[in-house]
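Note that the coordinates shown come from a computational prediction; the quantities given were computed from them, not determined experimentally. If you read the sequence from its start, that first residue is 1, and numbering goes on from there. The basis for the numbers below is simple: all heavy atoms, side chains too, and nothing from hydrogens, waters or symmetry mates.
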Amino acid sequence: MSFRFVKEVMSPEELKNRIPLSDYAIKVKKERDGQIRQVFTGESDKFLVIIGPCSADNEDAVLDYIHRLAGVAERVSDKIIVIPRIYTNKPRTTGEGYKGIVSQPDPEKKPDFQEGLLAMRRMHLRAIDETGLTAADEMLYPENWLYIDDILSYVAVGARSVEDQQHRLTISGMDIPAGMKNPMSGALSVMMNSVVAAQGSHTFLYRQYEVDTTGNPLAHTILRGATNKHNQNIANYHYEDLMRVLEMYQDRPQLKNPACIVDANHSNSNKQYAEQPRIVKEVLHSRRMNPELHRLVKGVMVESYIEPGNQKVGEHIYGKSITDACIGWDTTERLLLDMAEIL
């Protein structure tokens with residue numbers, strides 16, 4: 001047998017009992033969830049900015065960053081809702097490399113999922129209690145959702161996961177916005193099909209239970225660019241791409257709350273992280289040019305940290321990404337203030 005069962009980790013219920021939400025965190029999450037929901041339903045014209053490190057690998061640096069973010073978020077709050085990225089699971093194309101704090105609470109040590117779950121939940125709750133900001137995370141492992149279902153305000157399904165049935169069905173049972181990225185191939189029909197599935201009701205097997213879901217009306221699309229057969233990155237954030245997504249929503253009138261988020265990094269930036277501010281501003285320009293796009297495009301994703309660029313594991317540069325390269329803090333602050341001027 002090729003599986004070696006190392007140890008049994010705590011259940012979601014045990015983790016929540018060990019690190020429960022404060023009364024303040026419960027109140028903040030309810031308020032934030034309501035504000036974000038209203039953006040997707042069209043009741044609010046505020047713009048979402050889902051922003052933060054590619055991976056949340058160091059609690060102190062991440063909290064330092066989110067404290068800075070909270071200060072700017074307050075300054076732009078009349079037009080923008082800032083959702084910090086606290087991404088605790090990282091997909092790896094080849095299966096190699098750092099897979100996130102849930103796997104490795106210390107990136108230089110061996111995996112330890114028991115300690116990783118504790119580290120993940122502590123970091124998320126510190127962010128809420130200290131800054132008043134609830135966060136976004138990527139749903140890489142659907143069975144892990146119950147460990148954090150009471151603390152997240154936004155979930156993204158990545159390009160490598162969006163075609164997976166279990167991801168789509170699990171999203172259908174959530175009550176917060178969930179973004180379905182286009183796959184690595186860029187096929188927009190796959191992305192739209194994932195939204196249809198996530199908004200539908202289903203019966204399926206989940207963590208040893210047969211479960212029913214009622215569908216998630218806040219499931220929506222995320223454009224992140226694509227990679228062709230020659231391994232070239234192809235952007236899909238331009239005006240024509242946004243119009244194509246709009247047309248695809250119009251062809252599927254059964255979908256609720258049509259919405260699109262644009263990921264400014266990854267294949268959209270050709271992995272040139274410093275291009276993100278330019279891409280964001282082009283997206284805002286497209287929204288201004290067309291009232292229908294203004295209603296469709298609800299926000300952007302930006303990879304940002306304290307220091308620009310990235311580093312290898314073990315270099316120990318405080319506040320610098322150990323996965324994808326990010327824009328630094330000075331650029332981040334300027335971008336958010338510029339966006340508030342444009343919107």
Is the side chain of [X] donor-acceptor paired with the backbone N or O of [Y] at a distance under 3.5 Å, no angle test?
X: Arg85; Y: Pro53; result: yes
X: Asp57; Y: Gly100; result: no
X: Asn310; Y: Thr323; result: yes
X: Tyr98; Y: Val313; result: no
X: His167; Y: Leu140; result: yes

Please determine whether the number of non-hydrogen atoms from other residues, nucleotides or ligands lying under 6.0 Å from atom [atom1] of [X] exceeds 12.
X: Glu8; atom1: CD; answer: no
X: Asp251; atom1: CG; answer: yes
X: Gln232; atom1: CD; answer: yes
X: His285; atom1: NE2; answer: no
X: Arg288; atom1: CZ; answer: yes
X: Gln254; atom1: CD; answer: yes
X: Glu315; atom1: CD; answer: yes
X: Lys256; atom1: NZ; answer: no

Item checked: Test: Lys27 and Glu31 ion pair at under 4.0 Å ->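 Yes, this pair counts.
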
Check: Do Arg278 and Glu275 meet the salt-bridge criterion of a basic N to acidic O distance under 4.0 Å?
Finding: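 Answer for the salt bridge query: yes.
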
Going by atom types alone, do [X] and [Y] pair a side-chain donor with an acceptor below 3.5 Å?
X: Ser267; Y: Asn233; answer: yes
X: Tyr318; Y: Asp60; answer: no
X: Glu138; Y: Asn89; answer: no
X: Gln165; Y: His202; answer: no
X: Thr88; Y: Asp137; answer: yes
X: Asn193; Y: Arg252; answer: yes

Note to self: Hydrophobic clustering (ILVMFWY, side-chain heavy atoms < 4.5 Å, transitive) - are Leu188 and Leu255 grouped together?
What the structure shows: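 Leu255 and Leu188: one cluster.
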
Item checked: Cluster check Leu133, Ile50: I/L/V/M/F/W/Y, side chain < 4.5 angstrom ->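 Shared cluster, no.
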
State, with a plain yes or no, whether a side-chain heavy atom of [X] is found less than 4.5 Å away from one of [Y].
X: Glu115; Y: Met120; value: no
X: Trp145; Y: Met174; value: yes
X: Asn182; Y: Thr221; value: no
X: Lys181; Y: Met301; value: yes
X: Leu63; Y: Met123; value: yes
X: Asp112; Y: Gln104; value: no
X: Val102; Y: Tyr141; value: no
X: Asn236; Y: Asn268; value: yes

Spacing of [atom1] belonging to [X] relative to [atom2] belonging to [Y], to within rounding of 0.5 Å:
X: Met248; Y: Met243; atom1: CE; atom2: CE; value: 13.5 Å
X: Leu336; Y: Asp338; atom1: CG; atom2: CG; value: 9.0 Å
X: Ile86; Y: Glu59; atom1: CD1; atom2: CD; value: 9.5 Å

Next item on the list: Kindly confirm or rule out a cation-pi arrangement of Arg68 over Tyr65, judged by NZ or CZ under 6.0 Å from the six-membered ring centre and within 45° of its axis?
Entry: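 No cation-pi geometry.
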
Next item on the list: Take Glu163 and Arg168 through the salt bridge (charged side-chain N to carboxylate O under 4.0 Å, His left out) test and state the conclusion after the steps.
Entry: CA-CA 8 Å; Glu163 296 186 69; Arg168 295 175 172 189; 5.7 Å; no

Work out which heavy atom in [X] is nearest to a heavy atom in [Y]; give both atom names and the distance.
X: Thr227; Y: Asn231; answer: CG2-OD1, 3.4 Å
X: Ala61; Y: Ile306; answer: O-CD1, 3.7 Å
X: Ala340; Y: Lys79; answer: O-NZ, 2.9 Å
X: Glu143; Y: Arg207; answer: O-NH1, 2.7 Å
X: Ile261; Y: Lys298; answer: CD1-C, 3.9 Å
X: Asp175; Y: Arg37; answer: O-NH2, 3.4 Å

Note to self: With side chain to side chain donor-acceptor pair (under 3.5 Å) as the rule and sequence neighbours excluded, what pairs involving residues 44-54 come up?
What the structure shows: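 The answer is Asp45-His294.
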
Counting only pairs under 3.5 Å, give me each side-chain donor-acceptor contact of residues 146-159, with atom names and distances, residues two or more places apart or in other chains.
from	atom 1	to	atom 2	distance (Å)
Tyr147	OH	Met10	O	2.6
Asp149	OD1	Lys16	NZ	2.6
Asp150	OD1	Arg121	NH1	3.0
Asp150	OD2	Arg121	NH2	2.8
Ser153	OG	Asp33	OD1	2.6
Ser153	OG	Thr134	OG1	2.7
Tyr154	OH	His220	NE2	2.7

Output a table of donor-acceptor pairs, distance under 3.5 Å, between side-chain atoms of residues 324-332 and any protein atom two or more places apart or on a different chain; print 'none' if there are none.
from	atom 1	to	atom 2	distance (Å)
Asp324	OD2	His266	NE2	3.4
Thr332	OG1	Ser304	OG	2.5
Thr332	OG1	Gly328	O	2.8

Margin query: As a quick check of understanding, evaluate side-chain contact (heavy atoms from CB on, under 4.5 Å) for Phe204 and Val211, giving each step before the final call.
Written below: CA-CA 6 Å; Phe204 60 103; Val211 298; 3.7 Å; yes

